[in-house]
Amino acid sequence: SCMQNGRLKRYRMLVQRFDGLLTRTPVITYGLAIPFAVMGTVDTRAAFTLSMGMMVISLLSTMVGWLLKRMGQGREVCMLVTAILSSLTLSGLSRIPLEGFHLPVGTLGIYFPLLAVNTLTFFLVTRCDEKEPLLKNLGQSVRFVLSFAFFVLTVSIFRELLGKGTIFGIKVLNSPQITTVLMPFFGFILVGMLSAFFRQVNRTVRAWCLIRDREDAQDLKSEEVEL
């Protein structure tokens, strides 16, 4: 049985080990923080600072949520307190001059204040386990936010390059820009396409592992019969 499911078990262990970072990612798998992943990815500088803001409030929320759960507080209290603290933190971050690296207030519009109550942060708060060490919970939050950051930066580079001909504000292309990629509907389509692609890759890898495990099991049985 162990031999029969060797590759599939190893794949499942790999998925679990990189949970939130490379596998079962927040935007692609769970559909978390999609409005921010779409509206904040038309400029790489904005996407970078958005990711930094997400990291700060997510780690803060995880710590506070873990402490409140240890004190016996319920999910509603944890979410309310972390939302208030996140709002105050974002207000402070937005006032820090970063020489062109700005929180994407302009591109996010009404979505900017909602960053304090984004679904990724709430997901991390409700998922944190007060029975586990704080560092383990923080590690989980770091993996999820790094995955979010990798996604928004990758998408923003693609959209800014084609839509503006720049990367981090530096002119790269002089050819005519495709401004359609900067529109919100294109962002949602891109997220949907990437989600479908990675889900298909996961299904394909799982199917391949299962087929190879079955072939190995058949070979093993044939060898036993010959002996």
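In this chain, numbering begins with 1 at the start of the sequence shown.
Taking all atoms of both residues into account, the shortest heavy-atom contact from Val142 to Met55 is O-CE, 4.2 Å.
For Thr179, the side-chain contact (heavy atoms from CB on, under 4.5 Å) test picks out no residue, with sequence neighbours left out. By the side-chain contact (heavy atoms from CB on, under 4.5 Å) test, Gln200 is found to be paired with Arg203, Thr204, residues two or more places apart in sequence or in another chain being considered. Remark: Ile167 engages Ile157, Leu161, Val172 in a side-chain contact (heavy atoms from CB on, under 4.5 Å) (not counting sequence neighbours). Evaluation of the ring pair (Phe, Tyr, Trp, His ring centres under 6.0 Å) rule for Phe122 yields no partner, not counting sequence neighbours. Scored by the side-chain contact (heavy atoms from CB on, under 4.5 Å) test, Ile211 finds Glu215 as partners (sequence neighbours excluded).
For the pair Arg127 and Asn137, the minimum side-chain heavy-atom distance is 4.5 Å or more. Proximity of Val152 to Phe148: side-chain heavy atoms (C-beta onward) are separated by under 4.5 Å at one or more points.
No donor-acceptor contact under 3.5 angstrom links the side chains of Ser61 and Thr82, judged on distance only.
Taking a 4.5 Å side-chain heavy-atom cut-off between Ile, Leu, Val, Met, Phe, Trp and Tyr, the cluster of Phe150 contains only that residue. Taking a 4.5 Å side-chain heavy-atom cut-off between Ile, Leu, Val, Met, Phe, Trp and Tyr, the cluster of Leu80 extends to Ile84, Leu88. Using a 4.5 Å cut-off between side-chain heavy atoms of Ile, Leu, Val, Met, Phe, Trp and Tyr, Val125 forms no hydrophobic cluster with any other residue.
Taken to the nearest 0.5 Å, the OG1 atom of Thr44 stands 12.5 Å off from the CG atom of Leu50. Rounded to the nearest 0.5 Å, atoms CG (Leu59) and CG (Leu124) are 9.0 Å apart. Here the OG1 atom belonging to Thr121 is positioned 12.0 Å from the CZ atom belonging to Phe144, to the nearest 0.5 angstrom. In this structure, SG on Cys128 lies 11.0 Å from CZ on Phe123, to the nearest 0.5 angstrom. In this structure, Leu190 CG and Thr154 OG1 are separated by 10.5 Å, a value rounded to the nearest 0.5 Å. Rounding to the nearest 0.5 Å places OG of Ser156 at 5.0 Å from CG of Leu153.
Within the structure, the salt bridge (charged side-chain N to carboxylate O under 4.0 Å, His left out) test picks out the following pairs touching residues 148-171 (sequence neighbours left out): Asp43-Lys164. The stretch residues 173-187 participates, sequence neighbours left out, in no salt bridge (charged side-chain N to carboxylate O under 4.0 Å, His left out) pair at all. Listed by first and then second residue, the ring pair (Phe, Tyr, Trp, His ring centres under 6.0 Å) pairs involving residues 60-86 amount to none (not counting sequence neighbours). Each salt bridge (charged side-chain N to carboxylate O under 4.0 Å, His left out) pair with one or both residues in residues 61-77, not counting sequence neighbours, would appear here, but there are none.
Hydrophobic clustering (side-chain heavy atoms under 4.5 Å, transitive across Ile, Leu, Val, Met, Phe, Trp, Tyr) keeps Trp208 apart from Phe197. Cluster annotation: Leu134 is connected to Leu67 through the hydrophobic network of ILVMFWY side chains, with a link wherever side-chain heavy atoms come within less than 4.5 Å. Residue Ile170 is not grouped with residue Val181 when hydrophobic side chains (ILVMFWY) are merged at heavy-atom distances under 4.5 angstrom, including chains of intermediate members.
Classification of the Phe168-Phe48 ring pair by plane angle, with boundaries at 30° and 60°, yields perpendicular.
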